[in-house]
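Here is the structure we will look at, set down as structure tokens.
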Amino acid sequence: MIELTVGPVAHGGVCVARHEGQVVFVRHALPGERVMAEITDEGQRFLRADAVEILERSPDRVVPPCPYAGPGRCGGCDWQHASLPAQRRLKADVIREQFTRLAGITPEVTVEELPGSPDGLGWRTRVQFAVRPDGVLGLRRHRSHEIEPVEFCLIAHEGVEALGVERERWPGAERVEAIAAADDLAVVVTPKGRRSVEVPPLDADASILVDEGRGRVTAAKGSETLRERAGGRVFEVTGSGFWQVHPSAAGVFLDTVLALGRPGPGETVLDLYCGAGLFTAGLAQAVGPSGLVVGIESDPTSARDARRNLRDLPQARIERGRVEQRQAMDHADLVVVDPPRAGLGRAVVARIAELTPSRIVYVSCDPATLARDVAWLAGHGYRLDALRAFDAFPMTQHVECVALLTRA
Ligand SMILES: C[S@@+](CC[C@H](N)C(=O)[O-])C[C@H]1O[C@@H](n2cnc3c(N)ncnc32)[C@H](O)[C@@H]1O
């Protein structure tokens with residue numbers, strides 16, 4: 001146990017403090033607080049700790065709405081103990097700090113609320129539960145393989161909760177994902193090894209899918225594809241293929257990509273990490289029949305979904321493969337990227353620059369890799385022109401950014 005005066009927020013849902021000259025990353029605390037903290041990890045360069053007693057509280061502190069939140073408990077949420085406006089301020093601080101440190105620029109940014117969850121609860125339309133050996137479902141504790149059993153999840157969408165998977169036993173399952181798509185409900189079960197899983201009878205009428213690995217998802221009941229909606233279109237997404245988890249995220253991000261990227265008739269656009277074709281479709285509609293949009297996606301199921309979702313748009317083409325290995329075109333007017341948390345990396349940044357697009361729209365779920373890639377893009381002559389941020393994951397440390405870079 002150590003007493004700490006808590007300093008500013010850092011990336012990863014922690015605040016920074018110092019103890020006898022050593023940096024301590026503290027969870028469950030807020031900037032300005034004085035806390036008693038329990039050390040949870042003693043590294044050579046820094047300590048990790050959980051605030052277990054608050055000696056001087058921040059005015060931003062609230063009672064966590066979730067009974068499973070707190071030191072040593074469910075690791076799914078990071079900021080249950082902060083008011084929603086404070087959560088958004090902390091996320092904006094993290095974005096500014098990462099850009100300042102990694103890209104040498106300090107952008108003006110506010111984290112905008114997404115419609116549909118005014119209290120920050122009931123938004124998550126896809127929840128992956130871990131399974132204990134006795135079949136009880138739960139969520140992983142922070143930085144741990146241990147499972148916190150839960151009977152409900154307050155950030156889960158009401159459709160997910162209607163499935164009631166947490167109140168059933170799932171022996172033989174490795175993972176159970178509950179999905180509330182715009183038009184469908186589904187449960188995706190991943191068996192442990194080659195074992196078969198007996199699916200308990202569920203209250204709600206939902207598809208039951210089995211993830212057999214290597215992109216193979218089969219329907220034990222109902223349909224393998226779920227219907228999602230965004231930008232006035234229906235997208236079919238297979239089982240646990242990628243789709244944004246906040247119900248209004250897909251629509252808002254699509255609008256933002258189009259508003260910042262301004263694709264015009266006849267233009268050539270590259271949509272990297274295109275998933276089920278959400279942005280590809282909007283971009284293809286904007287460039288029209290005389291334009292071309294190429295989407296690249298490595299996951300075979302998502303690439304197949306994208307092709308099916310874009311059937312009516314002949315100006316859109318999907319290439320299956322890794323972005324690092326695909327050379328879809330020699331020049332693009334606009335490049336849209338939406339990589340996983342690892343970001344683009346130096347090689348992909350260089351490849352994008354070779355295409356000499358006048359605009360790059362970068363959709364990012366990690367401000368650290370975004371800031372790093374923005375610095376590398378600056379080395380190729382691209383300047384950050386606009387940055388928006390969205391609270392697509394309330395109660396957690398995660399935040400989505402959409403950046404526009406233009407060629408100087
Ligand atoms: C954040 S999702 C974005 C999907 C889509 N833009 C959307 O908004 O629905 C990232 C996608 O990139 C794909 N992906 C991950 N690594 C990849 C790589 N190296 N090359 C191509 N696609 C990749 C994933 O399968 C996933 O569908």
Side-chain angles (χ1 to χ4, degrees), residues 114 125-126 128 177 179 181-182 211 213-217 225-231 233-261 263 269-284 293-310 316-329 334-352 360-370 373 388 390 392-393 398-403:
L114 286 185
T125 56
R126 283 151 193 265
Q128 242 188 43
E177 185 175 11
I179 305 177
D211 186 344
R214 301 213 183 114
R216 263 179 67 83
V217 174
T225 53
L226 314 171
R227 281 157 303 171
E228 296 282 7
R229 288 171 185 273
R233 289 177 69 90
V234 173
F235 291 83
E236 289 187 11
V237 181
T238 299
S240 46
F242 182 87
W243 190 260
Q244 288 293 342
V245 296
H246 191 293
S248 52
V252 171
F253 298 167
L254 171 62
D255 289 348
T256 310
V257 164
L258 297 177
L260 292 180
V269 182
L270 191 57
D271 180 18
L272 302 180
Y273 314 87
C274 71
L278 168 68
F279 302 147
T280 330
L283 294 163
V293 183
V294 177
I296 301 185
E297 166 60 44
S298 61
D299 180 59
T301 336
S302 295
R304 200 177 56 223
D305 289 345
R307 286 197 184 114
R308 197 178 41 230
N309 290 328
L310 299 163
R317 195 175 81 214
I318 299 298
E319 291 194 8
R320 175 161 83 78
R322 289 173 60 76
V323 161
E324 296 82 346
Q325 285 153 6
R326 287 264 151 193
Q327 190 75 57
M329 48 179 68
L334 165 66
V335 176
V336 174
V337 302
D338 186 4
R341 265 179 223 157
L344 301 175
R346 234 187 235 285
V348 175
V349 163
R351 275 193 173 219
I352 292 171
I360 300 168
V361 176
Y362 192 143
V363 182
S364 158
C365 54
D366 187 332
T369 52
L370 171 64
D373 290 342
R388 290 185 66 186
F390 299 97
F393 313 93
H398 300 288
V399 61
E400 193 86 6
C401 292
V402 187

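Order of listing sets the numbers, starting from 1, for every ligand and every atom in it.
Counting protein heavy atoms only, atom 10 (C) of ligand 1 is closest to D338 O, 3.3 Å. Ranking protein heavy atoms by distance to atom 11 (C) of ligand 1, first place goes to E297 OE1, 3.6 Å. What sits closest to atom 12 (O) of ligand 1 on the protein, heavy atoms only, is Y273 CB, 3.3 Å.
Residues T125 and I179 fail the side-chain proximity criterion, which asks for heavy atoms closer than 4.5 Å. Between P339 and L272, the closest side-chain pair of non-hydrogen atoms is not below 4.5 Å. L278 has its side chain within reach of W243: a pair of non-hydrogen atoms, C-beta onward, lies under 4.5 Å apart. With contacts defined as side-chain heavy-atom distances shorter than 4.5 Å, the pair I352/V337 qualifies.
Between R126 and E228 there is a salt bridge, since at least one side-chain N of the basic residue sits less than 4.0 Å from a carboxylate O of the acidic one.
Listed by number with element, the atoms of ligand 1 under 4.0 angstrom from any heavy atom of P340 are 15 (C), 16 (N). Those atoms of ligand 1 with a heavy atom of G321 less than 4.0 angstrom away are 20 (N), 21 (C). The atoms of ligand 1 that sit less than 4.0 Å from any heavy atom of F279 are 6 (N), 8 (O). The distance from ligand 1 to the heavy atoms of E324 drops below 4.0 Å at these ligand atoms: 18 (C), 19 (N). Listed by number with element, the atoms of ligand 1 under 4.0 angstrom from any heavy atom of D299 are 25 (O).
When all heavy atoms of D373 and Y362 are compared, the closest pair comes out as OD2-OH, 2.6 Å. Residues P300 and R320 share a closest heavy-atom pair of CA-CD, 3.4 Å.
With a 4.0 Å heavy-atom cut-off, ligand 1 is reached by the backbone of C274 but not by any atom from C-beta on. Contacts between V323 and ligand 1, counted as non-hydrogen atom pairs separated by less than 4.0 Å, involve both the backbone and the side chain.
Checked against a 3.5 angstrom limit, the closest N/O atoms of W243 and ligand 1 fall outside it. For ligand 1, the polar-atom distance check against Q244 finds no nitrogen or oxygen pair separated by under 3.5 Å.
Relative to atom 7 (C) of ligand 1, the option among F253, F242, F235 with the closest non-hydrogen atom is F242. Distances from atom 14 (N) of ligand 1 to the heavy atoms of G277, C365, S298, A276 show the closest one on S298.
Dense packing is recorded around CZ of R307, with more than 12 heavy atoms of other residues, nucleotides or ligands lying under 6.0 Å away.
Using a 30° and 60° split on the angle between ring planes, H398 and F393 fall in the perpendicular class, above 60°.
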